[in-house]
S.K.: 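Okay, here's the structure, questions in a sec.
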Amino acid sequence: MKYVSTRGDKKSKRLTASQSVLKGIADDGGLYVPRKIPQAFLSPRDLAGFNYNAHALWLMGHYFKSDYTPAELVNCIDSAYNSKNFSSPGIVDVKEVGDAAILELYHGKTLAFKDMALSLLPHLMSAAIKKVKKPKTQIILTATSGDTGVSALEGFKDVAGMKIIVFYPENGVSVIQKQHMITQTGGNLRVVGVRGNFDDAQSEVKRIFLDDRLNKQIEAEGYEFSSANSINTGRLIPQIVYYFYAYSQLVKGGMAADAPVNFMVPTGNFGNILAGYYAKKMGLPINKLVCASNDNKVLFDYFETGVFDSNREFFLTTSPSMDILIPSNFERLVYDLVKPEDGLREMLVKLSGKQKFNMPVPKDFVGYYADEAEVRAEIKKVFDRHGYLIDPHTAVAHISHEKYGARVGEKNVIVSTASPFKFAKTVMSAISEKYDGYDDFALLEQMAELTNSAVPAPLAGLKNKDVLHPDVVDIGGMKDAVLTMI
């Protein structure tokens with residue numbers, strides 16, 4: 001298995017799995033993709049007896065085994081997916097709620113689905129570094145719309161041979177997300193707020209990656225850049241695992257082993273739903289991947305019209321991890337669907353330059369979106385009907401489930417990407433006006449009482465932690481922030 005850049009030609013350099021993990025982004029600005037999507041060689045019925053770690057070893061073996069040894073993969077996986085890092089014995093849970101199944105991906109240290117890959121990525125990178133003859137200190141550059149930053153900081157904290165700097169939109173994350181980041185401890189990390197939105201921060205991170213002069217400067221000092229964003233293959237591939245795991249759990253619960261399912265995926269940077277697309281191409285019986293968008297509905301409009309146009313108004317919503325107009329991983333879908341002779345390179349230039357373009361809509365996807373009023377109403381409706389709390393991102397996916405409908409012979413799986421505790425103010429105010437006077441942290445206790453549970457350990461005492469990362473810069477100051485850390 002080799003990896004190539006989405007923007008390269010047939011003569012472009014092919015990397016091994018470990019090289020693509022360390023590199024993060026290609027020198028030509030493209031994203032690394034596997035040269036081919038492997039076919040699964042076990043059925044969902046066979047997989048039903050596997051625990052999560054066994055699923056991960058089996059799945060990642062398809063993509064990484066030509067480079068990582070089985071022993072290395074076992075060590076990476078067992079170091080990531082264990083009771084120290086995840087509160088659920090199953091790592092993820094699949095629960096029946098009403099007429100749908102909900103795939104809970106938020107039982108990691110930072111209560112978000114990003115933990116599923118970011119608990120593993122540091123171990124994959126550490127193993128990859130050992131394969132390099134003259135290893136350099138990795139500078140992990142990451143832009144976040146909320147959850148990636150927290151998960152990346154936790155995953156890379158005090159990891160030898162690595163430093164990490166996270167940029168977040170100062171006014172574009174929740175109070176709890178921000179507090180989680182700016183109080184993060186660790187001797188090898190820095191967090192910087194940015195005056196701008198996520199797209200601005202992500203675009204500048206990519207420019208820093210491709211700055212030849214800067215790269216030569218840091219290389220001379222023994223450093224090199226890498227990424228913890230979902231542009232990294234070490235983020236994307238592990239996310240395929242939980243699609244197979246969710247399906248196998250449904251089979252274990254009595255569903256036919258070849259029954260078609262639909263996954264409703266709250267979508268921002270397109271990495272999560274792209275992993276589902278890869279799972280389908282590997283042979284998992286997925287009928288539709290339902291792309292759930294909030295008011296920043298650039299993807300919904302594309303799936304409706306075949307026109308991708310990110311040059312539009314940007315909205316701050318209560319589902320901040322989806323407040324994205326230029327989804328980086330969409331480039332991988334464009335690469336998969338468009339041949340070079342049909343204008344691939346021109347489309348990728350337009351994608352990164354916020355210019356609209358037409359592209360065939362794949363039959364694998366369908367899109368829906370929800371506005372803020374619908375999100376609030378859905379949170380309350382699900383709680384009133386089922387006694388089950390969902391966060392705003394999951395609410396968008398739940399609305400997509402209802403709009404798509406329960407099709408005969410098909411199971412809908414709602415991908416739940418964050419704990420409701422991370423968005424306590426939005427969730428509790430949606431349930432009842434009586435919670436409107438509480439601040440975010442007081443509402444954690446109110447939510448725990450309402451659900452007869454404890455405040456999750458990662459959030460307990462968060463309000464009183466010292467702010468260690470107060471810096472805020474303009475977009476143009478991000479490069480200097482990187483140099484200062486180095």
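Because the structure is predicted, anything quoted here is derived from the model rather than measured. FYI, the numbering just counts along the sequence from 1.
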S.K.: Are Glu170 and Val194 packed together at the side-chain level, in the sense that at least one heavy-atom pair is separated by less than 4.5 angstrom?
M.R.: no
S.K.: Quick check on ring pair (Phe, Tyr, Trp, His ring centres under 6.0 Å): which of Phe308, Phe330, Phe365 does Phe303 satisfy it with?
M.R.: Phe365
S.K.: Could you tell me which non-hydrogen atom of Val290 sits nearest to which non-hydrogen atom of Ser400, and how far apart they are?
M.R.: CG1-CB, 3.8 Å
S.K.: Atom CG of Leu459 and atom OG1 of Thr110: how far apart are they, to the nearest 0.5 Å?
M.R.: 9.5 Å
S.K.: When you compare the side chain of Leu189 with that of Ile140, does any pair of heavy atoms fall below 4.5 Å?
M.R.: no
S.K.: Any donor-acceptor pair under 3.5 Å linking the side-chain atoms of Ser227 with those of Asn232?
M.R.: no
S.K.: Determine whether the side chains of Ser429 and Arg376 contain a donor N or O and an acceptor N or O closer than 3.5 Å.
M.R.: yes
S.K.: Taking Phe423's backbone N and O only, do any of them form a donor-acceptor pair with Ser174's side chain (distance below 3.5 Å, no angle check)?
M.R.: no
S.K.: Supply the atom-to-atom distance Ile164 CD1 to Met162 CE, rounded to the nearest 0.5 angstrom.
M.R.: 10.0 Å
S.K.: Under a 3.5 Å threshold, yes or no: a donor from one side chain and an acceptor from the other, between Asp115 and Asn85?
M.R.: no
S.K.: Please confirm whether the backbone N or O of Ser321 pairs with a side-chain atom of His393, one donor and one acceptor, at under 3.5 Å?
M.R.: yes
S.K.: Where the side chain of Asp474 meets the backbone of Gly477, is there a donor-acceptor pair that is under 3.5 Å apart?
M.R.: no
S.K.: Given side chains that start at C-beta, do those of Met116 and Tyr242 come closer than 4.5 Å, heavy atoms only?
M.R.: yes
S.K.: Can you spot which of Gln217, Lys479, Lys216 makes a side chain to side chain donor-acceptor pair (under 3.5 Å) with Asp211?
M.R.: Lys479
S.K.: Judged by atom type as modelled, is there a donor-acceptor pair below 3.5 Å linking the side chain of His469 to the main-chain atoms of Gln184?
M.R.: yes
S.K.: May I ask you to establish whether Lys297 and Tyr369 are in a cation-pi arrangement, using a distance under 6.0 Å from NZ or CZ to the six-membered ring centre and at most 45° from the ring axis?
M.R.: yes
S.K.: With the side chain counted from C-beta on, respond yes when Phe441 and Ile176 share a heavy-atom pair under 4.5 Å apart, and no when they do not.
M.R.: yes
S.K.: I want to check something: taking the side chain as every heavy atom from C-beta on, are Asn53 and Asp78 in contact at a cut-off of under 4.5 Å?
M.R.: yes
S.K.: Please answer whether the main-chain N or O of Arg7 pairs with a side-chain N or O of Arg345 as donor and acceptor at a distance below 3.5 Å.
M.R.: yes
S.K.: Will you find, in the side chains of Ser416 and Thr394, an N or O donor that is under 3.5 Å from an N or O acceptor?
M.R.: yes
S.K.: About how many Å separate OG of Ser88 and OH of Tyr52, when rounded to the nearest 0.5 Å?
M.R.: 11.0 Å
S.K.: Would you say the side-chain atoms of Asp336 and Tyr277 include a donor-acceptor pair closer than 3.5 Å?
M.R.: yes
S.K.: Answer with yes or no after comparing the ring centroid distance for His401 and Tyr368 against a 6.0 Å cut-off, counting only values under it.
M.R.: no
S.K.: Would you find a donor on one side and an acceptor on the other, under 3.5 Å apart, between the side chain of Ser126 and the backbone of Pro122?
M.R.: yes
S.K.: So do Thr317 and Glu372 actually touch side chain to side chain, heavy atoms under 4.5 Å?
M.R.: yes
S.K.: Does any N or O in the side chain of Ser352 come within less than 3.5 Å of the main-chain N or O of Leu348, such that one atom is a donor and the other an acceptor?
M.R.: yes
S.K.: Go through the structure and list residues passing side chain to side chain donor-acceptor pair (under 3.5 Å) with Lys206, not counting sequence neighbours.
M.R.: Ser328
S.K.: Would you call the rings of Phe244 and Trp58 parallel, tilted or perpendicular, where under 30° means parallel and over 60° means perpendicular?
M.R.: perpendicular
S.K.: Do you see a donor-acceptor pair shorter than 3.5 Å between the side chains of Lys354 and Ser310?
M.R.: no
S.K.: Is the shortest side-chain N to carboxylate O distance from Glu154 to Lys157 below 4.0 Å?
M.R.: yes
S.K.: Check side chain to side chain contact (heavy atoms under 4.5 Å, CB included) between Glu72 and all other residues, then give those that pass, not counting sequence neighbours.
M.R.: Tyr68, Thr69, Lys131
S.K.: So that I can tick it off, tell me whether Lys422 and Asp391 are bridged by a salt bridge, with the cut-off set at under 4.0 angstrom between side-chain N and carboxylate O.
M.R.: no
S.K.: Less than 4.0 Å between a side-chain N and a carboxylate O, is that true for Lys425 and Asp436?
M.R.: no
S.K.: Any heavy-atom pair between the side chains of Met322 and Asn296 that's under 4.5 Å?
M.R.: no
S.K.: Roughly how far apart are Thr142 OG1 and Leu118 CG, rounded to 0.5 Å?
M.R.: 7.5 Å
S.K.: Shortest non-hydrogen contact from Ile129 to Gly161?
M.R.: CD1-O, 4.5 Å
S.K.: Without swapping roles, check the side chain of Asn229 against the backbone of Ala143 for a donor-acceptor pair under 3.5 Å.
M.R.: yes
S.K.: Measuring from Leu103:CG to Asp93:CG, what's the distance to the nearest 0.5 Å?
M.R.: 9.0 Å
S.K.: Determine whether a donor-acceptor pair (N or O, by modelled atom type, separation under 3.5 Å) exists between the side chain of Thr267 and the backbone of Phe270.
M.R.: no
S.K.: Does a side chain donor of either Arg332 or Asn329 reach within less than 3.5 Å of an acceptor in the other side chain?
M.R.: yes
S.K.: Please confirm whether the ring centroid of Phe86 lies under 6.0 Å from the ring centroid of Tyr81.
M.R.: yes
S.K.: Output all residues satisfying ring pair (Phe, Tyr, Trp, His ring centres under 6.0 Å) with His180, sequence neighbours left out; order by chain, then residue number.
M.R.: none
S.K.: Does a salt bridge link Arg190 with Asp471, judged by any charged N lying under 4.0 Å from a carboxylate O?
M.R.: yes
S.K.: Just one of Gln138, Lys136, Lys23 clears the side chain to side chain donor-acceptor pair (under 3.5 Å) bar with Glu224, so which one?
M.R.: Gln138
S.K.: For Asp323 and Ser145, test the side chains for any donor-to-acceptor distance below 3.5 angstrom and give the result as yes or no.
M.R.: no
S.K.: If every non-hydrogen atom of Met1 is compared with every non-hydrogen atom of Tyr63, which pair is closest and at what distance?
M.R.: CG-O, 3.4 Å
S.K.: Can you tell me if Asp440 and Gln179 form a side-chain donor-acceptor pair at under 3.5 Å?
M.R.: no
S.K.: Which heavy atom of Phe64 sits nearest to which heavy atom of Ala17, and what is that distance?
M.R.: CD2-CB, 3.4 Å
S.K.: Show the nearest heavy-atom pair for residues Val396 and Ser319, with the distance to one decimal.
M.R.: CG2-OG, 4.4 Å
S.K.: How would you list, by chain and number, every residue that makes a ring pair (Phe, Tyr, Trp, His ring centres under 6.0 Å) with Tyr243, sequence neighbours excluded?
M.R.: Phe263
S.K.: Pick from Thr144, Val191, Val205, Ile475: which one makes a side-chain contact (heavy atoms from CB on, under 4.5 Å) with Phe167?
M.R.: Val205
S.K.: Could you measure the distance from the CG atom of Leu141 to the CZ atom of Phe225? Nearest 0.5 Å is fine.
M.R.: 5.0 Å
S.K.: Please find the pair of heavy atoms, one from Ile165 and one from Val192, that lie closest to each other, and give the distance.
M.R.: CD1-CG2, 4.2 Å
S.K.: May I ask you to decide if Ile324's main-chain N or O and Asp199's side chain share a donor-acceptor pair within less than 3.5 Å?
M.R.: no
S.K.: Measuring only between side-chain heavy atoms, which start at C-beta, is Met428 closer than 4.5 Å to Tyr438?
M.R.: no
S.K.: Have Glu104 and Tyr106 got a donor and an acceptor in their side chains that come within less than 3.5 Å?
M.R.: yes
S.K.: Only counting residues at least two apart or in another chain, list the ones meeting ring pair (Phe, Tyr, Trp, His ring centres under 6.0 Å) with His123.
M.R.: none
S.K.: I'd like to know if Asp200 and Arg195 make a salt bridge, using a cut-off of under 4.0 Å between side-chain N and carboxylate O.
M.R.: no
S.K.: Using side chain to side chain donor-acceptor pair (under 3.5 Å) as the criterion, list what pairs up with Ser20, not counting sequence neighbours.
M.R.: Thr233
